[in-house]
**Q** 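Pasting a structure below so you can have a look.
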Number of protein chains: 2
Amino acid sequence: MRRDIPKDAVPMLCASCEGRNKGICSTLDCHQLHELVRSSRKSAVEGGAALLGEAERIDRYANILSGVVKLTKTLSDGRQQIVGHQFAPDFLGRPFRAESQLNAEAATEVVLCSFPREAIERMMQESPELERRLYKQALDELDEARDWMVTLGRKTASEKIASLLLMFARHAEPSGKAGRNFARFDLPLTRADIADFLGLTIETVSRQLTRLRNDKIICIENNRLIIVPDLRRLNARAGN
Amino acid sequence: MRRDIPKDAVPMLCASCEGRNKGICSTLDCHQLHELVRSSRKSAVEGGAALLGEAERIDRYANILSGVVKLTKTLSDGRQQIVGHQFAPDFLGRPFRAESQLNAEAATEVVLCSFPREAIERMMQESPELERRLYKQALDELDEARDWMVTLGRKTASEKIASLLLMFARHAEPSGKAGRNFARFDLPLTRADIADFLGLTIETVSRQLTRLRNDKIICIENNRLIIVPDLRRLNARAGN
DNA sequence: CGCGGGTTTGAATCATGTCAAGTTAAGTGG
DNA sequence: CCACTTAACTTGACATGATTCAAACCCGCG
């Protein structure tokens, strides 16, 4: 390996990186970090870009440094369903499987730090902390997927919309106190995306959004910026 | 610890146990197995029994040795959704969280081998193989949950029913060649369970089942035993 | 100015839910 | 062995929420 960089310092690339602070890299020591950096690659992609296709070979995993990624699945006749969203500093990838079972697409502009599959898998062998960290993320994603199953299976259209807004309100809130009762955020999804996520049509999404607006639960500016004056009222609409 | 049992032998309890062969215990050596056995408890519960309540403290995890467990979530007004099923030799539990976010209920008679939470968590620290095994199960469950999200969000009632039957056909097939094109199995769920899983009503479930029967895709005997003469035709109905 | 993507709105249709009877099958007790 | 009960399931008629199809709108951009 290389000698010229002090082993006890964090690589420059990582010093100010969110992945390093909160993501999976927080489990790595300086040595491991240096090793990973050697094969890692930082990249930015614009919204709408495909990151990974269904049944495609996976050769790189990545950390999401900023932006929102949507995970989708498609039926043979074209019906589509979003099965999850990932935010910084999530890890993007499905260890132990060579082929992807879903599509990953940038919903907004996304910045990634990617590394070869083998690098992560080797490091996972060496570092139980890393593996545990990944395990925990998988469990969290599982909890989340199951929550959405309830929403998809049992909620009405307007409850679905309210639930979605609530999720983004929680994620967008710039780690402001959790107790906050109002929210203001950019919806990173088109109506079509929302429909795909909630198992609805764009028309129904549109109708329910205007209903929420008429009832003064939300304000919509520029079709994208959402303002929720009273999160409790929105929560009530979400059926929880 | 005890001395009279040779450390290099598999504990009697485990010798013929499915968990030992295919479950998480397959990652443990004899020593670890002996340690776990000391605090483990084998139990059988009849169908319908609650294994774990929402927001309940978790103090024991378990291996499922036989039977089917259903995992459910409930909205405040009583609407219910099944969010997953577990079969032998799955591990039942949610590490790293003291409170359950879901209900677990025996769908059929179920035999469990349970152990204290701490025992597993300690052993997870010691054995990366065990942790990896659990991680893999979590990833599989995540894949499955996402598959069902597509079904819940985008499929019609009859496609949902067909998908469910297909899942049970796959799980029930006693590891007969995967290439098998017909199946015969006991439906371990009531119509109400099916409805709760697919986000439908029992009436719709009943109607779609009779439709499948009229179309000769399935035969139903005793309201419980399902025979599928041609899995490909069923698969076509499932919208894949 | 007009063009196109994303969005909203309206009216008609359809799938699924709701409500209400029946049916079947499995006890249970006389 | 025969009521009687009960739970699970089926079937029918009707109501309704969501989709479909069609049209209009809005707004940034060439």
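In what follows, chains are A, B, ... by sequence order, proteins preceding strands, each numbered from 1.
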**Q** Output the rounded distance in Å from CG (A/D196) to P (D/dA18).
**A** 17 Å
**Q** Whole angstrom is fine here: how far is it from CG in A/D193 over to P in C/dG5?
**A** 16 Å
**Q** Using a cut-off of under 3.5 Å, enumerate the N/O to N/O pairs linking the protein to nucleotides 28-30 of chain D.
**A**
none

**Q** Can you tell me the distance, in whole Å, between the CG atom of B/L212 and the C1' atom of D/dC9?
**A** 16 Å
**Q** Counting neighbours of CZ on A/R224 that are heavy atoms of other residues, nucleotides or ligands and sit closer than 6.0 Å, is the number greater than 12?
**A** yes
**Q** Could you pull out all residues at least two apart from A/R79 that satisfy side chain to side chain contact (heavy atoms under 4.5 Å, CB included)?
**A** A/L75, A/D77, B/R154, B/T156, B/E159
**Q** Do NZ/NE/NH1/NH2 and the carboxylate oxygens of A/R94 and B/D140 come within less than 4.0 Å?
**A** yes
**Q** Please name the pair of heavy atoms, one in A/A195 and one in A/T201, separated by the smallest distance, quoted to 0.1 Å.
**A** CB-C, 3.6 Å
**Q** Can you give one letter per nucleotide of nucleotides 15-25 of chain C, 5' to 3': B if a protein heavy atom sits under 4.0 Å from the base, S if only from the sugar-phosphate, - if neither?
**A** -SSBB------
**Q** Using whole Å, report how far NZ of A/K160 lies from P of D/dG17.
**A** 14 Å
**Q** Give a yes or no on whether a salt bridge exists between A/D143 and B/R97, defined as a side-chain N under 4.0 angstrom from a carboxylate O.
**A** yes
**Q** Rounded to the nearest angstrom, tell me the gap between atom CZ in A/R191 and atom C1' in D/dC27.
**A** 14 Å
